[in-house]
S.K.: 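Dumping the structure here so I can ask a few things about it.
Atoms considered below: every heavy atom in the structure, side chains included; atoms not considered: hydrogens, waters and symmetry mates.
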Amino acid sequence: MTENIQACCSASRNQVLGKEPIDGCRKTKSIQGLTWEKDVSGMILIPGGTFLMGTDDKEGFPSDGEGPVRNVSVSAFLMDTTAVTNEQFAAFIEATNYVTDAERFGWSYVFHSFVSEETGKKVTQVPSQTPWWWMVEGADWRHPEGPDSHVDERLDHPVIHMSWHDADAYCRWAGKRLPTEAEWEYAARGGLIQKRYPWGDELKLGGEHQCNIWQGKFPVKDHASDGYAGTAPVKSYLPNGYGLYNMSGNVWEWCQDWFTPSYHLSAESIDPRGPSNGMARSMRGGSYLCHKSYCNRYRVAARSKNTPDSSSGNIGVRCAADIVL
């Protein structure tokens with residue numbers, strides 16, 4: 001049996017299924033043969049450069065491979081200004097009839113407090129390591145909290161219940177790709193040097209919230225003093241120095257890289273792309289469930305992971321693209 005790969009503030013599908021995760025190269029026949037002209041209207045040019053990646057901050061998690069701080073260079077690339085929205089993902093589904101992993105499995109993880117009383121009666125399994133995640137049948141990108149919910153009123157919110165497969169499929173359909181971890185962190189920093197967050201070192205600026213994370217006692221009560229319980233619209237709060245919105249909190253964003261805590265110790269320092277294989281894919285940015293008492297991985301240097309077939313109500317996607325001259 002594969003070792004259970006626990007992701008911070010999310011749960012892995014194999015914690016319930018107790019089997020090998022589906023390979024990260026799952027074929028997506030529904031999008032093969034389709035062509036799509038890349039639309040860069042919602043993208044920002046991220047200039048190439050060298051930056052200090054990672055952190056040695058005492059608030060970091062050395063076991064995640066956040067440190068040591070090292071010089072990394074990335075080439076210029078394009079990045080979506082926001083996470084992919086429900087409206088954008090719906091266009092992808094309409095064009096391709098793609099079936100997400102959550103739909104194929106018939107269930108996904110939903111945070112317990114968002115599940116209706118009626119749907120909650122049907123929940124029979126929860127992962128022991130993260131019991132706040134409930135295995136909800138019928139939960140998917142269209143039905144974020146289960147079959148009695150819908151995204152109709154949340155079209156400008158980030159699409160959720162995205163597995164790595166789903167994220168990769170959407171990006172390829174859109175003529176784009178997933179960002180590498182190095183690209184993601186470089187972009188998230190917005191030109192700032194070794195700051196804790198995309199806007200600086202303080203969580204609030206002038207007493208104002210800058211991101212959508214948990215306030216209160218996790219996982220019992222979220223006071224939502226930042227204005228949101230659950231996801232927020234993708235253009236909430238001010239953008240960072242590169243014009244990118246919500247690079248901290250809201251939803252986790254998948255990266256290209258397979259996850260290891262030690263690859264970077266001997267990796268190339270120019271456009272690193274992670275190890276050639278692995279059991280889990282990297283995620284960045286934290287989510288609306290992150291809280292300092294449990295998971296302060298809404299810092300720009302923070303990392304997390306999950307198996308490529310896993311999905312939950314706080315995992316989304318943001319695309320990158322190469323510059324074609």
S.K.: Are His161 and Ser108 linked by a side-chain donor-acceptor pair shorter than 3.5 Å?
M.R.: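 Distance-only check passes for His161 and Ser108.
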
S.K.: May I have the step-by-step check of side chain to side chain donor-acceptor pair (under 3.5 Å) for Asn314 and Ser312, ending in yes or no?
M.R.: CA-CA 6 Å; Asn314 66 340; Ser312 62; 2.7 Å; yes

S.K.: Go through the steps for Glu59 and Arg196 under the test salt bridge (charged side-chain N to carboxylate O under 4.0 Å, His left out), then give the verdict.
M.R.: CA-CA 9 Å; Glu59 288 195 6; Arg196 191 170 292 167; 3.4 Å; yes

S.K.: Listing request: all side-chain hydrogen bond (donor to acceptor under 3.5 Å, both in side chains) pairs with a residue in residues 237-249, at least two apart in sequence or in separate chains.
M.R.: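 Non-adjacent pairs meeting side-chain hydrogen bond (donor to acceptor under 3.5 Å, both in side chains): zero.
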
S.K.: Treating Thr119 as the side-chain partner and Ser116 as the backbone partner, does any N or O pair qualify as donor plus acceptor under 3.5 Å?
M.R.: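 Here the side-chain-to-backbone pair does not exist.
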
S.K.: Do the ring centers of Phe218 and Trp132 come within less than 6.0 Å of each other?
M.R.: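 Yes, the ring of Phe218 comes within the 6.0 Å limit of the ring of Trp132, centre to centre.
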
S.K.: Between the side chains of Ser282 and Asp257, does any donor sit under 3.5 Å from an acceptor?
M.R.: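 On atom types as modelled, these side chains do not qualify, holding no pair under 3.5 Å.
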
S.K.: Are Phe89 and Trp141 near enough that their ring centres are under 6.0 Å apart?
M.R.: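 Between Phe89 and Trp141, the centre distance is under 6.0 Å.
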
S.K.: Is a donor on one side and an acceptor on the other found under 3.5 Å between the side chain of Asp271 and the backbone of Ser75?
M.R.: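 Here the side-chain-to-backbone pair exists.
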
S.K.: Establish, from distance only, whether the side-chain atoms of Asp140 and His143 form a donor-acceptor pair under 3.5 Å.
M.R.: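 Side-chain D/A pair, Asp140 to His143: present.
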
S.K.: Do Val110 and Pro144 come within less than 4.5 Å of each other through their side chains, counting heavy atoms only?
M.R.: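 No; the side chains remain at least 4.5 Å from each other.
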
S.K.: Classify the ring geometry between Trp173 and Tyr170 as parallel (under 30°), tilted (30 to 60°) or perpendicular (over 60°).
M.R.: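 The rings of Trp173 and Tyr170 sit tilted, inter-plane angle from 30° to 60°.
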
S.K.: Hey, can you tell me if Phe111 and Trp214 have their rings parallel, tilted or perpendicular (30° and 60° cut-offs)?
M.R.: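 Because their plane-to-plane angle is over 60°, the rings of Phe111 and Trp214 count as perpendicular.
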
S.K.: Salt bridge check: are Glu145 and Arg154 linked by an N-O gap of less than 4.0 Å?
M.R.: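 So Glu145 pairs with Arg154 through a salt bridge.
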
S.K.: Which word best sums up how the rings of Tyr98 and Phe92 line up, parallel for under 30°, tilted for 30 to 60°, or perpendicular for over 60°?
M.R.: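 The arrangement is tilted - the two ring planes meet at 30° to 60°.
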
S.K.: Is it true that Ser311 and Asp101 share a donor-acceptor pair across their side chains at a distance under 3.5 Å?
M.R.: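 There is no such pair (donor and acceptor under 3.5 Å, judged by atom type) between the side chains of Asp101 and Ser311.
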
S.K.: Looking only at atom types and distance, does a side-chain atom of Thr81 sit under 3.5 Å from a main-chain N or O of Gly42, one as donor and one as acceptor?
M.R.: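 Yes, Thr81 side chain to Gly42 backbone: donor-acceptor pair under 3.5 Å.
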
S.K.: Looking at Glu268 and Arg273, is any side-chain nitrogen of the basic one under 4.0 Å from a carboxylate oxygen of the acidic one?
M.R.: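 No, no charged N to carboxylate O under 4.0 Å.
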
S.K.: Between His264 (side chain) and Gly67 (backbone), is there a donor-acceptor pair under 3.5 Å?
M.R.: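 Yes, the answer is positive, given that a donor and an acceptor are paired below the 3.5 Å cut-off.
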
S.K.: Is Arg104 paired with Asp309 through a side-chain N to carboxylate O contact shorter than 4.0 Å?
M.R.: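 Answer for the salt bridge query: no.
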
S.K.: Taking the cut-offs as 6.0 angstrom to the six-membered ring centre and 45 degrees off its axis, would you call Arg297 and Phe61 a cation-pi pair?
M.R.: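 Yes, Arg297 lies over the aromatic ring of Phe61.
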
S.K.: Between Met283 and Glu253, is any pair of side-chain heavy atoms under 4.5 Å apart?
M.R.: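 Answer no - side chains too far apart.
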
S.K.: Quick one: salt bridge (Lys or Arg N to Asp or Glu O under 4.0 Å) partners of Arg284, sequence neighbours excluded?
M.R.: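 For Arg284, the residues satisfying salt bridge (Lys or Arg N to Asp or Glu O under 4.0 Å) (neighbours in sequence not counted) are Glu181, Glu185.
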
S.K.: Given side chains that start at C-beta, do those of Thr307 and Met279 come closer than 4.5 Å, heavy atoms only?
M.R.: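 They are not in contact (no side-chain heavy atoms under 4.5 Å apart), so the answer is no.
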
S.K.: With a 3.5 Å distance limit and no angle check, can you tell me whether Asp226 reaches the backbone of His209 through a side-chain donor-acceptor pair?
M.R.: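 No; zero donor-acceptor contacts below 3.5 Å.
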
S.K.: Looking at Asp322 and Arg177, is any side-chain nitrogen of the basic one under 4.0 Å from a carboxylate oxygen of the acidic one?
M.R.: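 Salt bridge flag = yes for Asp322 with Arg177.
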
S.K.: Can you find a side-chain donor-acceptor pair between His157 and Thr231 that sits under 3.5 Å?
M.R.: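 Yes, side-chain donor-acceptor contact under 3.5 Å.
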
